[in-house]
Amino acid sequence: MTDLTAPGTATRAELSIDGRRLSYLDFGGAGRPLVALHGHLSEGATFAHLAAALSPKWRLIAPDQRGQGESDRTADYSREGYLADLMALLDHLGLKKTILLGHSLGAINAYQFAARHPERVSALVNAEGPAALGLDGSNPFGFLKNLPYEASTRDALIEGLGPAAPFFSDRLRENADGSWRLPFHPQDMYRSEDQVHGDHWADWTATDCPALLVRGTQGVIPAEQATAMVDRRPGTVAIQLDADHLVYTAAPDAFATAVRDFLATL
């Protein structure tokens with residue numbers, strides 16, 4: 001099993017939701033809990049740097065969202081499906097109210113969860129999660145449709161991935177029979193991306209708990225939309241980092257500083 005975290009830095013645990021495994025990493029410590037939600041084609045372990053940067057004041061908990069990392073696949077990648085997983089995780093952890101941090105898909109999941117369950121969320125950190133996206137009907141994950149999910153050997157899978165291999169080769173999983181697979185199914189992620197698209201302004205503006213919006217200069221949130229997201233939602237502050245959409249891994253130190261400074265105000 002591949003685990004991107006160094007030994008001893010996190011504990012992997014899981015819960016069962018209707019017989020489906022939802023896996024998560026708990027980076028531990030006695031600090032205040034912070035739940036971090038990754039985006040598509042990712043997993044909770046990518047928050048290891050942030051967890052270390054925020055420790056010991058903050059205890060970061062990062063699930064592998066449905067169909068990714070060590071969490072089981074499902075036939076349902078709807079908005080409500082993701083939000084139900086988050087509710088189950090918070091209940092499992094005994095967190096009656098917590099701070100949610102999310103990137104991209106994870107950020108949208110976080111603010112939509114807050115809109116439906118404001119009593120469970122005390123603050124939000126939105127990294128590159130637009131209030132509206134994909135309204136033209138396009139799907140940026142078209143390249144996934146031709147990628148293999150698994151192969152008999154690691155080398156064969158890397159070869160099959162072609163130009164995409166460098167992005168995923170360090171996160172491939174070995175199956176019990178010795179074959180290898182991606183940490184997500186390409187078709188699942190294509191369908192999930194389709195279902196996250198939409199006009200979500202009503203959800204973004206439904207709450208007024210403290211929120212930090214982090215935008216990458218080469219990210220997916222247009223500058224004018226980022227300005228409107230601050231203007232239209234009370235309690236929101238924003239910061240712009242010189243990074244692409246993968247802002248928390250592209251500029252990890254600057255991102256951690258921005259998040260730490262925001263959390264210090266709570």
Side-chain angles (χ1 to χ4, degrees), residues 1-17 19-28 36-52 60-77 81-82 85 89 102-106 128 139-196 243-252:
M1 180 184 298
T2 302
D3 195 330
L4 301 183
T5 58
T9 61
T11 299
R12 184 170 290 282
E14 63 185 55
L15 64 149
S16 179
I17 304 173
R20 172 176 51 85
R21 176 178 57 183
L22 186 74
S23 181
Y24 64 94
L25 288 173
D26 187 339
F27 289 87
L37 306 171
H38 64 79
H40 283 123
L41 317 184
S42 189
E43 56 189 286
T46 57
F47 287 111
H49 182 278
L50 180 64
L60 193 144
I61 302 159
D64 290 350
Q65 299 207 74
R66 54 174 52 198
Q68 302 191 68
E70 297 301 320
S71 291
D72 288 343
R73 296 177 63 193
T74 174
D76 177 16
Y77 290 95
Y82 278 107
D85 283 354
L89 176 64
H103 170 252
S104 192
L105 162 75
E128 281 283 303
N139 188 321
F141 286 171
F143 73 97
L144 292 176
K145 298 173 77 173
N146 295 319
L147 293 186
Y149 171 56
E150 56 189 350
S152 58
T153 66
R154 186 176 186 276
D155 287 345
L157 181 53
I158 289 175
E159 181 178 358
L161 292 172
F167 299 101
F168 308 122
S169 60
D170 63 338
R171 298 196 291 116
L172 302 181
R173 265 56 173 185
E174 185 175 9
N175 295 319
D177 63 0
S179 62
W180 288 75
R181 63 175 176 85
L182 284 168
F184 56 83
H185 196 291
Q187 301 298 328
D188 291 350
M189 295 299 97
Y190 184 87
R191 291 189 291 112
S192 178
E193 175 70 16
D194 260 348
Q195 294 182 73
V196 78
D244 59 19
H245 178 56
L246 301 173
V247 60
Y248 74 103
T249 55

Looking at every heavy atom in both [X] and [Y], which two are closest together, and how far apart are they?
X: Ala62; Y: Gly44; answer: CB-O, 3.6 Å
X: Ala251; Y: Ala243; answer: CB-CB, 4.1 Å
X: Asp177; Y: Ser179; answer: OD1-OG, 2.6 Å
X: Leu60; Y: Ala36; answer: CD2-CB, 4.0 Å
X: Gln65; Y: His38; answer: NE2-O, 2.6 Å
X: Glu14; Y: Tyr24; answer: N-CE2, 3.8 Å

So which of Asp76, Asp72, Asp85 actually passes side-chain hydrogen bond (donor to acceptor under 3.5 Å, both in side chains) with Arg20?
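Per the side-chain hydrogen bond (donor to acceptor under 3.5 Å, both in side chains) rule, the option paired with Arg20 is Asp85, out of Asp76, Asp72, Asp85.
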Is there a side chain to side chain contact (heavy atoms under 4.5 Å, CB included) between Ile158 and Trp180 once you walk through the steps?
CA-CA 10 Å; Ile158 289 175; Trp180 288 75; over 6 Å; no
One thing to verify: whether Arg66 and Asp188 come together as a salt bridge, which I'm taking to mean a side-chain N less than 4.0 angstrom from a carboxylate O.
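Here Asp188 does not pair with Arg66 in a salt bridge, since their nearest N and O are not under 4.0 Å apart.
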Pairing of Arg12 and Asp64 as salt bridge, 4.0 angstrom limit
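Answer for the salt bridge query: yes.
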Quick check: do [X] and [Y] have side-chain heavy atoms less than 4.5 Å from each other?
X: Leu37; Y: Pro63; answer: yes
X: Leu25; Y: Ile61; answer: no
X: Leu147; Y: Met189; answer: no
X: His103; Y: His245; answer: yes
X: Phe167; Y: Leu41; answer: no

Over 60° means perpendicular and under 30° means parallel, so classify the ring planes of Phe47 and Tyr248, tilted if in between.
parallel
For Tyr190, is there any backbone N or O sitting under 3.5 Å from a side-chain donor or acceptor partner on Asn139?
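Checked: pair present.
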Between Ser23 (side chain only) and Ser71 (backbone N and O only), is there a donor and an acceptor less than 3.5 Å apart?
no
Measure the spacing between [atom1] of [X] and [atom2] of [Y] and express it to the nearest 0.5 Å.
X: Arg173; Y: Phe184; atom1: CZ; atom2: CZ; answer: 10.5 Å
X: Leu105; Y: Gln195; atom1: CG; atom2: CD; answer: 11.0 Å
X: Gln68; Y: Leu22; atom1: CD; atom2: CG; answer: 11.0 Å
X: Leu172; Y: Leu161; atom1: CG; atom2: CG; answer: 6.5 Å
X: Tyr77; Y: His40; atom1: OH; atom2: NE2; answer: 9.0 Å

Residues Val196, Tyr82; criterion side chain to side chain contact (heavy atoms under 4.5 Å, CB included); working and verdict:
CA-CA 10 Å; Val196 78; Tyr82 278 107; over 6 Å; no
Pairs where residues 150-160 contributes a residue and the test salt bridge (charged side-chain N to carboxylate O under 4.0 Å, His left out) is met, not counting sequence neighbours
none
